[in-house]
Structures are given as C-alpha cells and as structure tokens.
Amino acid sequence: MRTRIVSILQREEPLDEVEVAGWVRTRRDSKAFSFIELNDGSCLRSIQIIADADLPTYGEVSRLATGAAASIKGKLVPSQGKNQKWEILASEVRVLGECPEDYPLQKKGHSREFLRSIAHLRPRTNLFGAVFRVRSRLAHAIHTFFQERGFVYVHTPIITGSDCEGAGEMFRVTTLDPHAAKRQHDADDFFGRPTYLTVSGQLEGETFACALADIYTFGPTFRAENSHTSRHASEFWMIEPEMAFCDLQGDMELAEEMVKALIGDALTHCEDDLKFFNQFVDKGLLERLEHVVTKPFERVTYTEAVEILLQSKQSFEYPVEYGLNLQSEHERFLTETHFRAPVTVCDYPKDIKPFYMRRNDDEKTVAAMDLLVPEIGELVGGSQREERIGLLEENMRAHELSMEDYGWYHDLRKYGSVPHAGFGLGFERLIMFVTGVANIRDVIPFPRTPGSAAF
RNA sequence: UCCUGCAUAGCUCAGCGGUAGAGCGGGUGGCUGUUAACCACUAGGUCGUUGGUUCGAAUCCAACUGCAGGAGCCA
C-alpha cells in the first residue's frame, strides 16, 4: 500500500515499513549504493532513497533514469545528509516504467516556451507541479467560500444561443459541413439556430439569482478574440457570483472579501509551493500577498481616478479624459505607483459599458466596478444590473438587441424584478496573482490561444 | 488587428563576413553519504524556410513561417 510522499515528509517518527511510488528526478550512484530522488507530485519535495548494492533488486536501480517510474519499499529513517529530515533505506526496488534517454526534462532549467511545447510532461517539473496544486486548492477554496455563505452553485450552459453583449467574439458551434457545395441555412444546423460557446454565464446566472437569490457559476469560458498577450487565453475559467437584493456596494464588498479569502487560503494551505514561487519566480510575492490579505483595498470612482491620473504629472502614451476607457498603463499607475495596492474603480460612464448595467442617478454613469491588482490589471469586473424595465428596454434599443433573442432576459424585469448585482473573476488571472507566474499559458494545463490548440 | 524583438546541438546560449563553439543533458569509464555531486573520454548541428548581396553568409538584405513581449479588447 503506497503512502504519499507529502505525508511521509511530515512524520515525526521513523517507520519500519513504508512503500512509495513516483517518478525519478535524479539518481547519484556510487560503488556501494545509489541515491534516488523520487517525486510523486503530492508535494514540491522529493524523498531521498538509499538503494544498497547488496539489495536483491539492485539490478533494477540501473534502469532508473531521470523520469522513470518506480515503487520502492523500505524503512523510513532519519537522514545522515543535511538537506532532508527523512530518507528511505530501500528493501525492494521495482521499476514500473522505464524512461529512455530522449526524455526531454532535465535536472536543469528549461524555458517556459520549451515546457509549453511539452505540456503533457511539464506537470512533472517543480514549477508546474506547484502551479497546478495551487490551482486545485484555489478551485476548492472558491467553492468553500460560496458554499459557506449559502450561495447555490449553478451550471450555466457551455453551448449557448445568446451572447453576453460586449464580452467579446464568440466561437460558432455547428455541425454544418464547411465544405458543402450547397448554401446552408441556420435552420438546418444541429440546434436549428446559430449557437456558440459561452463567453459568460452571467445572463443565465441572473435568471437563477432571481429565484435562488445568491448563486455562483464556476466553469470554462471561450473568447474568439485575436488577443496576443500574456493575460488572455481563448479558453479560460471564470467565477461569476450573482446576488439578488444586492447593490453595487454589496457587490464590491463581496469581490474584495473573496479575493482576500482566496489568497488567505492559499497562504495557509500552499505554504511550500508559495515559498518556492517567492524564491524562484517573484521575490516580492509573499510580501505582496500578505499585504493584500491584511490591508483594506482602495476604492475610487471613475471620475476620481481620472482626476488622480490628470494630476499625476505622469506622461501617458494614451490620453486621460473623462469618457475614455482607462488604459492598461493607467490601471497600472493606480495600483503600482499611486496606491500600491489593489483598487476598486466604480461608476464608469455609461457609454463605455454594456447594456445590462444599472444607470446611476446622475444619468451619466452606471453602477459598474473593476477590481484592479498590481501586475495583472483587471481581476474582477462587475456591476449592479438594470432592474427597471423601462430603462432596460431603452438600453436594448440603443444597443440594437432584439426582443426575440433577449425576451427571456427582459422577462426577469417583467416578473418580480429585484435589484441584483454580480461580477466575474478570471480564475487564471487569480492564479497568476497568487503564484507570480506572469503568463496565462503557464497556469492552465493545456492553454488555447490564437493559432495554438495542441494536445 | 497593430508595433517590437528573437529563431545556431536534445536543452540553455556564445559566435555577428573567412573551415560551427561552450555548459547542461545522453553514452562509456572512474570516484565519493551524495544533494541541479565530482573527474576523464565520447557521440551529437544542411546555424527556421526561401530568395538575394558577396570571391566567400550562421553572420548583411528581403519575404515567409514559428515563438515571445507590448498595445487594443477583455476576465
């Protein structure tokens, strides 16, 4: 019965009999014995195994090249060496899978670009093992956060007939033959209408919030944008809570509370992995994360943010002017130079925001908010939704949205309309922020980006 | 979609107009309670593709392809 290396390394007492299984990271031979570093992915650290040359199964040891899979039985004893508390004196070594010499992973550093080209093997490295353990932990923490607060987890559809206007270009889902000679009609398609991969579960999420009050979605999202940056992927995961009887204030509070809770969870449950990132990926990581958890987030209105930027005497490539969107450089100035902390910006001009956002009393702005963090930029985008039927209809007309497509969404205002609000949080961006890993391609197992869908 | 940069051994890179190099990894041998061990030997490359300039191109120029960074859009 195999024991995970993570629990062996935490032990206080030696063990007469223990069995481990994993992949060889490195082997160092001498005449009398071999040192084997074995990693099973349960934690960052490997366990050192001493295989004595007298072992009946010592012949197996020579087959244990870097990358080979093995199971080992033996005794857990205090290590004579300096760098580890425990080691296993092997009594039996069994090769499960050999690893030939063309194994691409070496003991030394590889570039992230190269590792992306072997995405099927990169979780065997220290860095990617740590990233994906943290990803798993954060996914768990998200469910815990919402379930503890009584939110209901809703599975919104992946294939959808509606687009969440303003969210981006969509992938078409079709069974029509692209090479057909005859012209084909939408009515002949699989669903009898055009369908797409979802760009957001928000609109469907709103329908459930208007029934179960507090809900969240957590699932994959697809954008066919030709974005070529380190922060965009064509397939990514998003968390979208939606709350009835809630205004923008409550929305911002939940977003801030959530970011703090998730980072706090990672700090307590992924200590070794975060220390590793702090040492090898981003020297200021732990300090920044502690800071985010303990200090209150800054909060400004869009109008105030524009004032700050205008008075900053900073020269920006893009103009700062009321009515224009904040550019990446402006957001970075606010989080990295001016406040040196996460900032929530709210009440944006209505003309630069989508149709579903609630108009403020000033008639110029909408109840929207973006939570900006240093390095990453926009981590959360959300709003209070327009619950007043007349104003929603006005917005739908202005955006040329048909009642045929959005009638069901409009119904929510017709039948028992309530104030409600929600936001979307990009899961990969959260992982980037927590790990310090700068490229979105390195925090999702098999990244999909324009021109690239290997594996 | 726009702007910029890069492409040389399995990997990381040096060479930047005159016969292709190092470290790591691989193989062989040695040595040692080792720690990305160490020592010796060894195999391994149409210098991304196509075209041009030149007596001569990995090196200069152009196009293409791929990758990366930034912008826009957004999460």
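To find a chain, count down the sequence lines: A is the first, B the second, and so on, and within it residues start at 1. The model shown is predicted, which means the values in this text are computed figures rather than measured ones.
For a distance-only test at 3.5 Å, the side chain of A/R223 qualifies as a donor-acceptor partner of the base of B/A75. Remark: the A/R429 side chain and the B/C74 base include a donor-acceptor N/O pair separated by less than 3.5 Å.
The separation of B/A22 from B/U42, taken at their P atoms, amounts to 11 Å, rounded to a whole angstrom. Taking the C1' atom of each, B/A58 and B/U8 are spaced 7 Å apart, rounded to whole Å. Separation of the C1' atoms belonging to B/G10 and B/C55 is 37 Å when rounded to the nearest angstrom. Between the P atoms of B/G17 and B/C60, the separation comes to 7 Å (whole Å). A distance of about 15 Å separates the C1' atoms of B/G45 and B/A14, rounded to the whole Å. Of the C1' atoms belonging to B/U59 and B/U19, the separation is 15 Å, rounded to the nearest Å.
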Heteroatom pairs (N/O) under 3.5 angstrom, protein to nucleotides 8-14 of chain B:
from	atom 1	to	atom 2	distance (Å)
B/G10	N2	A/Q106	OE1	3.3
B/G10	N2	A/Q106	NE2	2.2
B/G10	N3	A/Q106	NE2	3.3
B/C11	O2'	A/H110	ND1	3.0
B/U12	OP1	A/S111	OG	2.5

Grab the N/O contacts between the protein and nucleotides 45-47 of chain B below 3.5 Å, and write none if there aren't any.
none

Please list each protein N or O that sits under 3.5 Å from an N or O in nucleotides 4-6 of chain B, with the distance.
none

Please produce a list of atom pairs where a protein N or O lies less than 3.5 Å from an N or O of nucleotides 31-33 of chain B.
from	atom 1	to	atom 2	distance (Å)
B/C31	OP1	A/K31	NZ	3.2
B/C31	OP2	A/K31	NZ	2.3
B/U32	N3	A/D29	O	3.3
B/U32	O4	A/D29	O	2.1
B/U32	O4	A/S30	N	2.8
B/G33	N7	A/Q80	OE1	3.4
B/G33	O6	A/Q80	NE2	2.9
B/G33	N1	A/E87	OE2	2.6
B/G33	N2	A/Q48	NE2	3.1
B/G33	N2	A/E87	OE1	2.4
B/G33	N2	A/E87	OE2	3.2

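In this view, A/Y153 and A/H143, A/H155, A/Y216 satisfy the ring pair (Phe, Tyr, Trp, His ring centres under 6.0 Å) rule, not counting sequence neighbours. In this structure A/S111 satisfies the side-chain contact (heavy atoms from CB on, under 4.5 Å) test together with A/E113, A/F114, sequence neighbours excluded. Residues forming a side-chain hydrogen bond (donor to acceptor under 3.5 Å, both in side chains) with A/Q84 (at least two apart in sequence, or on another chain): A/S79. Partners of A/Y409 under the ring pair (Phe, Tyr, Trp, His ring centres under 6.0 Å) rule, at least two apart in sequence or in another chain, are A/F355. For the ring pair (Phe, Tyr, Trp, His ring centres under 6.0 Å) test, residues two or more places apart in sequence or in another chain that qualify with A/F446 are A/F455. Applying the ring pair (Phe, Tyr, Trp, His ring centres under 6.0 Å) criterion to A/F151, with sequence neighbours excluded, gives A/F146.
Between A/W237 and A/F218, the ring-plane angle classifies as perpendicular under the 30° and 60° cut-offs.
For the pair A/S227 and B/G72, the criterion of a side-chain N or O lying under 4.0 Å from OP1 or OP2 is not met.
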Show me the donor-acceptor pairs, under 3.5 Å and distance only, between side chains in residues 51-59 of chain A and residues at least two apart or in other chains.
from	atom 1	to	atom 2	distance (Å)
A/D52	OD1	A/D54	N	3.0
A/T57	OG1	A/V93	N	3.0
A/Y58	OH	A/S34	OG	2.8

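We find that the ring of A/F236 and the base of B/A75 stack, their centres lying under 5.5 angstrom apart and their planes tilted less than 30°.
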Verify side-chain hydrogen bond (donor to acceptor under 3.5 Å, both in side chains) between A/R25 and A/N126, making sure each step is shown before the conclusion. CA-CA 10 Å; A/R25 283 293 172 81; A/N126 285 336; 2.7 Å; yes
Could you give me the CA-CA distance, side-chain angles and deciding distance for A/D442 and A/R122, then say whether salt bridge (Lys or Arg N to Asp or Glu O under 4.0 Å) is met? CA-CA 10 Å; A/D442 298 328; A/R122 67 178 182 169; 3.3 Å; yes
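Within a 6.0 Å sphere centred on CZ of A/R116, other residues, nucleotides and ligands contribute more than 12 heavy atoms.
Residue A/H228 has its side chain nearest to B/G70 when only B/U35, B/G70, B/A75 are considered.
Sorted by residue number, the members of residues 319-340 of chain A with any non-hydrogen atom under 4.0 Å from RNA chain B read A/N325, A/Q327, A/S328.
Searching all strands for a Watson-Crick or G-U wobble partner of B/A71 with both distances below 3.5 Å returns B/U1. Checking B/C38 for Watson-Crick or G-U wobble geometry (two distances, each under 3.5 Å) identifies B/G30 as its partner.
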